[in-house]
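This is a predicted model, so every value here is computed, not measured. Values below: all heavy atoms of this structure, side chains included; hydrogens, waters and symmetry mates excluded.
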Amino acid sequence: MLNTLCIYGSGGTGCEIVDMARRIQTRHQTWERIVFVDDFKTESVWYETPVLNFESLSSERGNYEFVIAQGEPKNRQNLYTKVTEMGFSCTKVIDPTAIISPTAELADGVIVFPFSFISSHTRISCNVMIEINVIIGHDITVGAHSVISSSTVVGGKCSIGKSTFIGLNATVKDRVAIGDSCILSMGSSVFQDIGHQMIAVGNPARVIRKNDGKAIFN
């Protein structure tokens with residue numbers, strides 16, 4: 001029996017994930033059905049997709065598997081913890097146009113958007129979101145709950161910590177280490193290591209202050 005794919009969050013990111021899931025379904029019947037899970041939306045159908053409440057699912061105990069449709073690492077982590085502590089599993093959603101090396105390891109909850117490339121011997125931890133047209137080089141590690149935004153390029157043998165946000169069109173030089181809970185602003189070019197809980201901007205990227213807990217830098 002196939003599971004139901006539950007996309008937790010029905011905003012813009014959730015709608016994009018629905019589109020990916022539908023493309024996957026046209027090639028292979030992966031799920032029995034696709035639904036949104038949303039704790040606040042009052043509509044029963046959104047984006048031509050049923051909307052369910054998490055509390056109703058937790059009482060049903062059906063065959064559900066989740067991905068988290070949030071663009072902020074902190075929110076991704078909170079919802080992932082909520083889902084897994086209730087005993088639900090997370091799954092992967094990988095667009096058919098993405099290219100994934102057979103030696104790359106992607107944990108549960110990973111989402112890979114269209115036209116992205118993940119190279120050899122790379123390890124992507126749970127609940128990571130890799131957006132459109134991202135290039136992830138060889139021998140890279142990405143920590144849990146992190147988000148790598150569209151058109152980013154990460155050079156080989158880098159490490160990216162958990163719950164880190166990398167903005168649009170950033171570039172990261174090979175062999176660079178980026179710590180946990182960091183934020184790299186869009187267009188940043190990173191040439192040197194960045195410690196934990198730092199915000200970095202510019203080209204070359206420079207640390208401007210510690211991350212105060214906000215997931216995305218404004």
Side-chain angles (χ1 to χ4, degrees), residues 11-13 16-17 20 67-77 80 93-95 97-101 104-107 109-218:
T13 300
E16 291 174 337
I17 296 171
M20 287 196 290
V67 290
I68 308 302
Q70 292 287 329
E72 298 192 357
K74 187 174 182 179
N75 293 344
R76 293 188 64 78
Q77 182 174 355
Y80 181 86
V93 173
I94 299 172
D95 190 87
T97 64
I99 298 174
I100 314 293
S101 168
E105 299 177 11
L106 278 61
V110 169
I111 303 168
V112 183
F113 278 72
F115 308 112
S116 287
F117 173 77
I118 299 176
S119 189
S120 56
H121 302 293
T122 284
R123 299 190 303 277
I124 311 294
S125 298
C126 65
N127 196 35
V128 169
M129 186 163 70
I130 297 170
E131 295 187 341
I132 298 169
N133 199 37
V134 169
I135 297 175
I136 304 290
H138 63 88
D139 299 284
I140 288 172
T141 60
V142 181
H145 319 300
S146 290
V147 173
I148 302 178
S149 298
S150 300
S151 299
T152 291
V153 178
V154 182
K157 297 190 176 181
C158 287
S159 64
I160 297 170
K162 63 184 180 181
S163 299
T164 281
F165 180 87
I166 299 181
L168 294 163
N169 202 36
T171 53
V172 182
K173 181 183 175 295
D174 60 295
R175 300 176 184 271
V176 164
I178 298 169
D180 299 339
S181 301
C182 288
I183 299 171
L184 303 185
S185 72
M186 65 180 183
S188 296
S189 294
V190 183
F191 294 92
Q192 297 181 333
D193 294 353
I194 296 175
H196 299 306
Q197 294 181 291
M198 295 297 174
I199 297 174
V201 303
N203 181 6
R206 67 192 189 283
V207 172
I208 58 170
R209 62 178 171 85
K210 286 199 71 173
N211 184 5
D212 60 6
K214 292 178 67 176
I216 297 178
F217 176 56
N218 294 315

Side-chain contact, heavy-atom cut-off 4.5 Å: V142 with R123?
no
Taking atom types as modelled, is there a side-chain donor on S181 or Q197 under 3.5 Å from an acceptor on the other?
no
Who are the salt bridge (charged side-chain N to carboxylate O under 4.0 Å, His left out) partners of D180, not counting sequence neighbours?
none
Rounded to the nearest 0.5 Å, what's the gap from NE2 on H196 to CG on N211? Could you check?
13.0 Å
Taking C-beta and beyond as the side chain, do M129 and V112 meet within less than 4.5 Å on heavy atoms?
no
Is there a side-chain contact (heavy atoms from CB on, under 4.5 Å) between V153 and V172 once you walk through the steps?
CA-CA 6 Å; V153 178; V172 182; over 6 Å; no
Return each pair, listed once, that meets side-chain hydrogen bond (donor to acceptor under 3.5 Å, both in side chains) where at least one residue sits in residues 142-153; pairs must be two or more places apart or across chains.
N127-H145
Could you report the tightest heavy-atom contact between I118 and A104, atom names first, then the distance?
CG2-CB, 4.0 Å
Under 4.5 Å between any side-chain heavy atoms of T141 and I160, yes or no?
no
Does anything in residues 115-134 form a ring-ring contact (aromatic ring centres under 6.0 Å, His included)? List the pairs, not counting sequence neighbours.
none
The single option from I124, V67, I100 that satisfies side chain to side chain contact (heavy atoms under 4.5 Å, CB included) with V110 is I124
Check for a donor-acceptor pair, side chain of T13 on one end and backbone N or O of Q70 on the other, with a separation under 3.5 Å.
no
Testing the basics here: between S185 and G202, what is the closest heavy-atom pair and its distance to 0.1 Å?
OG-N, 4.0 Å
Name all residues meeting the side chain to side chain contact (heavy atoms under 4.5 Å, CB included) criterion together with A177; count only those two or more places apart in sequence or in a different chain, and write none if there are none.
S159, D193
Tell me the side-chain hydrogen bond (donor to acceptor under 3.5 Å, both in side chains) pairs involving residues 167-176, sequence neighbours left out?
T171-S189
Using a 4.5 Å cut-off on heavy atoms from C-beta on, say whether the side chain of D212 contacts that of R209.
yes
Between atom CD1 of I148 and atom CD1 of I166, what is the distance when rounded to the nearest 0.5 Å?
5.0 Å
Sorted by first residue and then second, give each ring-ring contact (aromatic ring centres under 6.0 Å, His included) pair with at least one member in residues 168-193; sequence neighbours left out.
none
